[in-house]
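Presented below is the structure to which this report refers.
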Amino acid sequence: MSDFVMLQTNLRSRIKTRSMGVKLIVVCGLAVLMMIPALLVGGLVEDRTARAADVIKEISNHVGGQQTFLGPTLAIPYSIPARSPADTVKHGMYLVFPARATGTLKVATEERRRSLFKVPVFQADLQLDGTFDLTGVPSAAPPDAELDWSRSEVVVGVSDARGALADAILTTEGKTLTLVPAEIAQSVSIGADQSPQLKLILFGTKVDGMAKPNAQFNVTSVLRFSGAQRIAVLAYGKTTHLKVQGDWPSPGFDGGFLPITRAVSSHGFGAEWSVPFIARGVRAEGQGNVIAGLDATALGVSFIEVADPYQSVNRSLKYLPLFLGLVFLSYFIFEVTTGRRVHPAQYILVGIAQIIFYLLLLSLAERIGFGFGFLLAGAATVFLFSANAAWIFSSRMQGIRALAVFTLLYGLIYLLLRLEDNALLVGAIASFMAVAAAMYFTREIDWYGSLPVTGAPQDQTAPVVPGDTA
């Protein structure tokens with residue numbers, strides 16, 4: 001029986017004399033362990049992001065999706081006679097781009113909602129003009145090719161015809177013609193072999209008597225289309241000039257060329273492009289495949305959601321190791337400076353509260369935006385951590401101390417999420433300062449010494465020495 005009592009005494013002594021260095025290692029291990037439920041939160045964010053993408057795709061399919069337009073281009077069918085009885089007649093399409101192209105776009109946008117998700121959609125009025133100079137055409141036709149000028153058409157292209165809100169019309173020499181599905185080719189594909197192909201549906205009309213060798217004429221096409229998220233016009237002329245006006249407050253300008261002038265305000269935007277022939281990188285005329293290179297000349301405007309909640313929450317999850325480590329480090333410093341032991345289970349509860357913060361942030365950001373969502377979720381979590389510190393250390397002063405520390409910590413994380421170019425620098429400096437503070441507050445700690453247990457009963461029993469008969 002005395003051996004059992006001695007074993008209990010030794011075990012109790014070992015538990016009491018566990019060094020603070022070991023406790024710090026245990027706390028670090030718990031912080032790493034809490035990354036497992038964090039992965040589940042990351043999976044939930046991905047699921048919500050995928051759901052939002054499905055809604056965007058569904059709505060976009062109804063309004064036309066991301067639209068890309070090709071302005072008036074002259075398409076001339078040709079044939080190559082058979083050279084021998086064994087050969088067959090070959091047919092093709094010869095394209096001539098206008099010498100000068102001028103376009104204007106006016107875009108009106110709105111947000112379509114489906115449940116918690118919203119998609120920016122637009123209605124665009126386009127006027128795409130072209131000035132053709134057929135002097136020297138054809139200069140890049142295949143050998144022995146015979147162009148059939150009588151069947152030539154002026155065609156325009158669009159990536160999704162379902163977005164048409166009105167008939168497309170073409171005006172030339174005082175005549176107004178309605179564009180119909182082109183007879184020469186129903187569609188063309190643009191894009192290099194290494195990039196995704198974009199299919200353009202062609203609409204055209206014959207221009208009897210005007211399309212002939214060495215002729216010059218002007219055309220104007222008018223289109224009205226709907227779409228979602230992005231609109232772009234290819235640089236369809238040897239030289240192309242494009243103006244775009246819209247009411248979206250946060251546009252993104254993309255494609256092969258950036259606008260030479262732009263103006264963005266809370267009421268809308270305006271932009272202007274000018275693409276000279278030497279910058280376009282596509283020949284002025286050629287066989288049908290000459291159009292493939294136009295994908296690199298797109299002049300595009302994307303309608304961006306500045307406060308995308310899923311992107312913002314996903315960014316915040318990338319800082320979770322830093323965030324969780326600083327929270328645990330703060331509690332450990334409270335522990336060693338107050339001399340009050342904190343059980344590992346209490347660290348786990350703190351970690352779980354931190355994980356739930358991200359669930360709150362995600363659910364609130366979907367409804368009220370990331371900024372207000374972070375404010376509410378962060379305030380709730382900070383007050384919980386502060387109250388928990390007051391409960392654990394039985395001190396209102398420690399609760400106030402925790403309130404100040406965690407308010408500063410959450411403010412730092414929000415600042416990192418709002419910064420872009422300087423986020424790494426600020427995060428590195430903040431981490432360095434946190435470690436420096438930990439070193440300072442623990443500078444007098446004997447890491448090999450035991451962590452005192454406040455309020456623990458003192459064992460007054462004298463150690464039993466084997467062989468002592470007294």
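Side chain to side chain, Gln127 and Thr104 fail the donor-acceptor criterion of an N or O pair below 3.5 Å. Between the side chains of Thr178 and Asp167, no donor-acceptor pair of N or O atoms lies under 3.5 Å.
The 12-atom threshold is not exceeded at CD of Gln186, counting heavy atoms of other residues, nucleotides or ligands nearer than 6.0 Å. The number of heavy atoms from other shown groups lying within 6.0 Å of CZ (Phe383) does not exceed 12. Within 6.0 Å of CZ on Arg262 lie more than 12 heavy atoms contributed by other residues, nucleotides or ligands.
The heavy-atom pair separating Val264 from Pro251 by the smallest distance is CG1-CD, 3.7 Å. When all heavy atoms of Pro143 and Ile80 are compared, the pair lying nearest together is O-CG2, 4.1 Å. Closest of all the heavy-atom pairs between Glu285 and Ser139 is OE1-N, 2.9 Å. Arg280 and Leu294 make their closest contact through NH1-CD2, 3.8 Å (heavy atoms, listed as atom of the first residue, atom of the second, distance).
Side chains of Tyr414 and Phe370 form a contact here, defined as non-hydrogen atoms less than 4.5 Å apart. Phe269 is listed as a side-chain neighbour of Val301, based on a closest heavy-atom distance under 4.5 Å. Proximity of Val156 to Leu128: side-chain heavy atoms (C-beta onward) are nowhere separated by under 4.5 Å.
Checking side-chain atoms of Ser187 against main-chain N and O of Ile201 turns up no donor-acceptor pair under 3.5 Å. Judged purely by atom type and a 3.5 angstrom limit, Thr407 has no side-chain atom pairing as donor or acceptor with the backbone of Ala404. Panel note: side chain Thr220, backbone Asn218; no donor-acceptor pair is recorded below 3.5 Å. Proximity of a side-chain donor or acceptor of Gln216 to a complementary backbone N or O of Leu134 within less than 3.5 Å is not detected. Ser152 places no side-chain N or O within 3.5 Å of a backbone atom of Ile76 that could act as its donor or acceptor partner.
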inquiry  = Does Val155 form a side chain to side chain contact (heavy atoms under 4.5 Å, CB included) with Val188? I'd like the steps, not just the answer.
reply    = CA-CA 11 Å; Val155 298; Val188 293; over 6 Å; no
query = After noting the C-alpha distance and the side-chain angles of Gln67 and Phe122, does the key distance pass the side chain to side chain contact (heavy atoms under 4.5 Å, CB included) rule?
reply = CA-CA 10 Å; Gln67 294 283 25; Phe122 63 83; 4.1 Å; yes
message = Gln245 vs Leu105, test: side chain to side chain contact (heavy atoms under 4.5 Å, CB included). Steps then yes/no.
response = CA-CA 6 Å; Gln245 291 183 337; Leu105 276 70; over 6 Å; no
query = Is there a side chain to side chain contact (heavy atoms under 4.5 Å, CB included) between Glu183 and Lys206 once you walk through the steps?
reply = CA-CA 9 Å; Glu183 296 181 3; Lys206 292 183 179 180; 3.7 Å; yes
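Ring planes of Tyr94 and Tyr78: perpendicular class, angle over 60° (limits at 30 and 60°).
Salt bridge absent: Arg151 and Glu153 never bring a charged side-chain N and a carboxylate O closer than 4.0 Å.
Annotation: the span from Thr109 atom OG1 to Glu111 atom CD amounts to 8.0 Å, rounded to 0.5 Å. To the nearest 0.5 Å, atoms CG (Leu70) and CG (Leu202) are separated by 7.0 Å. Atom-to-atom distance recorded for Leu364:CG and Leu362:CG is 9.0 Å, nearest 0.5 angstrom.
Here the two rings, on Phe357 and Phe385, have centers that are 6.0 Å apart or farther.
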Please list every donor-acceptor pair under 3.5 Å in which a side-chain atom of residues 224-242 meets a protein atom from a residue at least two apart or in another chain.
residue: Arg224; atom: NH1; partner: Asp125; partner atom: OD1; Å: 2.6
residue: Arg224; atom: NH1; partner: Asp125; partner atom: OD2; Å: 2.9
residue: Arg224; atom: NH2; partner: Gln123; partner atom: OE1; Å: 3.2
residue: Ser226; atom: OG; partner: Val63; partner atom: O; Å: 2.6
residue: Ser226; atom: OG; partner: Gly163; partner atom: O; Å: 3.3
residue: Arg230; atom: NE; partner: Asp254; partner atom: OD1; Å: 3.1
residue: Arg230; atom: NE; partner: Asp254; partner atom: OD2; Å: 3.4
residue: Arg230; atom: NH2; partner: Asp254; partner atom: OD1; Å: 3.2
residue: Tyr236; atom: OH; partner: Thr102; partner atom: O; Å: 3.4
residue: Tyr236; atom: OH; partner: Asp129; partner atom: N; Å: 3.3
residue: Tyr236; atom: OH; partner: Asp129; partner atom: O; Å: 2.6
residue: Thr239; atom: OG1; partner: Ala99; partner atom: O; Å: 3.4
residue: Thr240; atom: OG1; partner: Gly237; partner atom: N; Å: 3.1
residue: Thr240; atom: OG1; partner: Gly237; partner atom: O; Å: 3.3
residue: His241; atom: ND1; partner: Trp273; partner atom: O; Å: 3.4
residue: His241; atom: NE2; partner: Glu272; partner atom: OE2; Å: 2.7

